Amino acid sequence: MGCDSVCLIFVLFLLPCSAMACDRCVHQARAGYSSSSAFSVGACGYGSLALGFSGGYVAAAGSSLHRGGIGCGACFQVRCKNTKICSSGGVKVILTDLNKISDTDLALNRPAYAAMARYGMAKELKKLGIVDVEYKRIPCEHNKNLSIRVEEKSQSPNYLAIKVLYQGGQTDIVAVDVAQVGSSDWQFMSREYGPVWSTNRAPPGPLQLRMVVTGGYDGKWVWSQEEVLPVDWKTGSVYDLRVQITDIAQEGCFTCDAKDW
Ligand SMILES: *[C@@H]1O[C@H](CO)[C@@H](O)[C@H](O)[C@H]1NC(C)=O
């Protein structure tokens, strides 16, 4: 096929119109802030890694955005609506947690909340505590390639649990398979929660991975044909897939596209 290390194999198929559709439309909500300790582990399990994403601007959202964990790692632009206090651009945040208290509200960490303010207005904004906001899903931009972290509970050789990190674009990962490098005997992994996938039937390494990524109605395979995990993969280590997902959701909601914000 003439690929060097990584092939992106496009497989278009129809997905049912889901709640995902019109994801990038502007939505109305309220947002408050919570202490950063609330985000230290979080329902997405990123732990302290989360503060390395999106400039450390993280958010907890209700189940409609968290979507049983599929929404972990999705990026949103949020701005508050009080134009005296709030900047028009708002802040770009990454979803790292589930807001268990309210489904309609966003909980931002303090730095993200403050970053919605106009210059010099952060104190005023903080006084308000909870504000009306609008938000929309945006593509994530990471200055790292798509990577996986081998979770501590993995046990070589067969039980492998990985956490997907630095997923770019505006997409969802809906399937992950693992195989020995050079083999076409793919073993599916199951989503344990959020970005964590596992199998107790991992083949011996070195291992390659492939994933099904969707954005709106379309899906495709993202495929690493080269080694991702070495024979002696180690728990706690992060391995680079040497590829990044940059797709933008393809959706049939053109009315959203006209909106500048
Ligand atoms: C991502 O992978 C590509 C392809 O192997 C590589 O050239 C690039 O340096 C990597 N980028 C980062 C940020 O590691």
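When a ligand or atom number is given, it counts from 1 through the structure's own listing order. Because the structure is predicted, anything quoted here is derived from the model rather than measured.
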_Partners passing side chain to side chain contact (heavy atoms under 4.5 Å, CB included) against Cys75 (at least two apart in sequence or in another chain)_ = Ile94, Ile138, Cys140
*With atoms numbered from 1 as shown, which atoms in ligand 1 lie under 4.0 angstrom from a non-hydrogen atom of Asn143?*
13 (C)
*asked:* With heavy-atom distances below 4.0 Å as the criterion, list the atoms of ligand 1 near Arg242.
replied: 2 (O), 4 (C), 5 (O)
*asked:* Need the ligand 1 atom indices (1-based, order shown) with element for anything under 4.0 Å from a heavy-atom of Asn145.
replied: 1 (C), 2 (O), 3 (C), 8 (C), 10 (C), 11 (N), 12 (C), 14 (O)
*Report yes or no: do Glu192 and Ser198 form a side-chain donor-acceptor pair below 3.5 Å?*
yes
*Not counting sequence neighbours, which residues clear side chain to side chain donor-acceptor pair (under 3.5 Å) with Lys123? List them please.*
none
*asked:* Under a 3.5 Å distance rule, please check whether Arg242 uses its side chain to pair with a backbone N or O of Glu226 as donor and acceptor.
replied: no
